[in-house]
Amino acid sequence: MLKDYLVISQEVKEALENGKPVVALESTIISHGMPYPQNVETALKVEEIVRQNGAVPATIAIIGGKLKAGLTRDEIEYLGKKGREIVKVSRRDIPYIVAKGIDGATTVASTMIIASLAGIRVFATGGIGGVHRGAQETFDISADLQELANTNVAVVCAGAKSILDLGLTLEYLETFGVPVVGYKTEELPAFYTRKSGFKVDYRLDTPEEIAKMLKVKWELNLKGGAVIANPIPEEYEMDYDTINRAIEDALKEAEEKGIKGKESTPFLLSKVKDITGGKSLESNIQLVFNNAKLAAQIAKNL
Ligand code: PSU
Ligand code: MN
């Protein structure tokens, strides 16, 4: 029955059948996270980096109602060009989008779901969703966190942006048994910056050790994923105060405009980008490249 819904590209299928390493990649970052044409250029380059590091890339999206693991160049170009016209799809949106036979850009949560259905265990992206500031009032907690609690996929990211409440995000992950591992760091990175003021649970210094930890987790049937937090390379890091001022301004504007629900994250991301004059885009692109490389190295060791 799954084959009525899931379409795995030939290249990805062959890799999975032959036990070759595969890295999943998301598509909300393409349609909603970056402007055209940088989004398409980045998505294609990320695939190239995964290949250069010895793994097969599987960019994930919903196209014409099919859950796709492995996209063509044309499909990536299409998702990038259409941008925000493509529906942002998290777990709750999948049944509607598939039943209607339309397109969807997958978030961390829905990319994990499709990766897991396809048999892919490692996923690279920029940043995960989390507990929003003021969630005590708004209940705005990304579905990414529940997916990490339940679905066996490791997510390599540069931490999470401080548009979120990083302290509450860590508490939530702890409650649901999701390990947060820092790659060569004790501190949780905050996407644009290497520092956040919060600690990760554990530090591991090699892809081999990370793969070993994941293997143990899943062999023991400790269901759920893991956050592998990989700090942005120093040379692309942004100034801590500049980025935090931009985030404060974006949060204030979102509140004034009454932005809520699934619009909240894309609104804040694009505001921060506007306020920093697009400087944050280059950092964003570079940290995704850095994560793709680490994810490929982990996948090779799994
Ligand atoms: N954070 C980023 N960049 C992103 C996202 C989050 O720094 O592109 C996207 C991811 O696809 C993530 C989603 O899964 O936003 C979370 O949205 P929400 O908070 O509505 O769950
Ligand atoms: Mn939300």
Side-chain angles (χ1 to χ4, degrees), residues 24-35 38-39 42-43 46 59-62 79-80 83-84 86-94 104-115 123-149 151 153 155-166 168-169 172-173 178 188-193 196 225 227 229-232 238 243 246-247 250-251 254 258-273 276 280-288 290-291:
L25 302 161
E26 64 153 307
S27 47
T28 289
I29 195 173
I30 304 174
S31 296
H32 296 261
M34 286 182 198
Q38 288 94 335
N39 54 2
T42 303
V46 166
T59 303
I60 288 178
I62 303 178
L79 290 172
R84 292 193 199 164
I86 306 280
V87 181
K88 174 183 161 190
V89 173
S90 194
R91 171 179 272 270
R92 65 116 192 249
D93 309 289
I94 293 175
T106 51
T107 62
V108 168
S110 52
T111 302
M112 287 176 75
I113 294 169
I114 297 170
F123 163 20
T125 186
I128 55 168
V131 180
H132 281 257
R133 298 198 202 174
Q136 298 91 326
E137 288 288 321
T138 62
F139 275 43
D140 191 350
I141 299 173
S142 173
D144 292 354
L145 300 186
Q146 272 302 308
E147 214 54 58
L148 282 160
T151 301
V153 174
V155 181
V156 180
C157 63
K161 289 203 180 85
S162 34
I163 57 170
L164 304 171
D165 187 318
L166 298 182
L168 292 186
T169 301
Y172 194 101
L173 290 169
V178 180
L188 179 72
F191 200 87
Y192 297 118
T193 57
S196 67
V227 175
N230 185 27
I232 183 171
M238 291 190 72
I243 197 68
I247 286 169
L251 285 164
I259 309 280
K260 304 196 281 268
K262 70 188 284 194
E263 303 310 327
S264 173
T265 297
F267 177 86
L268 292 169
L269 298 183
S270 97
K271 270 293 146 205
V272 169
K273 198 183 77 237
T276 56
S280 58
L281 183 59
E282 182 56 20
S283 297
N284 195 346
I285 292 170
Q286 292 297 334
L287 66 83
V288 178
N290 192 44
N291 296 340

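Given the structure is predicted, the values throughout are model-derived calculations rather than measurements. Just so you know, ligand 1 is whichever comes first in the structure, and atom 1 is the first atom listed for that ligand.
Near-neighbour remark for the Mn ion (ligand 2): protein N, O or S atoms under 2.8 Å are D140 OD1; waters not counted.
Scanning all heavy atoms of the two residues, the minimum distance from L166 to K161 falls at CD2-O, 3.7 Å.
The nearest protein atom to atom 5 (C) of ligand 1, hydrogens excluded, is given as L269 CD1, 3.9 Å; this is a heavy-atom distance. When only non-hydrogen protein atoms are considered, atom 17 (O) of ligand 1 lies nearest to K88 NZ, 3.1 Å. Counting protein heavy atoms only, atom 2 (C) of ligand 1 is closest to K161 NZ, 3.3 Å. Scanning the protein heavy atoms around atom 15 (O) of ligand 1, the nearest turns out to be T265 CG2, 3.6 Å. If you check which protein heavy atom lies closest to atom 12 (C) of ligand 1, you get D144 OD2, 3.3 Å. In terms of protein heavy-atom proximity, atom 1 (N) of ligand 1 is closest to G127 O, 3.6 Å. For atom 21 (O) of ligand 1, the nearest protein heavy atom (residue, atom name, distance) is S142 OG, 2.7 Å. If you check which protein heavy atom lies closest to atom 9 (C) of ligand 1, you get T28 CG2, 4.1 Å.
Taking every heavy atom of E26 and a limit of under 4.0 angstrom, the matching atoms of ligand 1 come to 10 (C), 11 (O). Atoms of ligand 1 lying under 4.0 Å from any heavy atom of F191, numbered from 1 in the order shown and given with element: 7 (O).
Heavy-atom distances between H32 and ligand 1 stay at or above 4.0 Å for every pair.
In terms of polar-atom proximity, A109 is not counted as a contact of ligand 1, lacking any N or O under 3.5 Å from an N or O of the ligand.
With respect to E26, the side-chain contact (heavy atoms from CB on, under 4.5 Å) criterion is satisfied by exactly one of V288, T111, I114, T59: T111.
Within the 4.5 Å cutoff, side-chain heavy atoms of K262 are placed close to those of R92.
In this structure, the separation between CD1 on I113 and CD1 on I94 is 4.0 Å, given to the nearest 0.5 Å.
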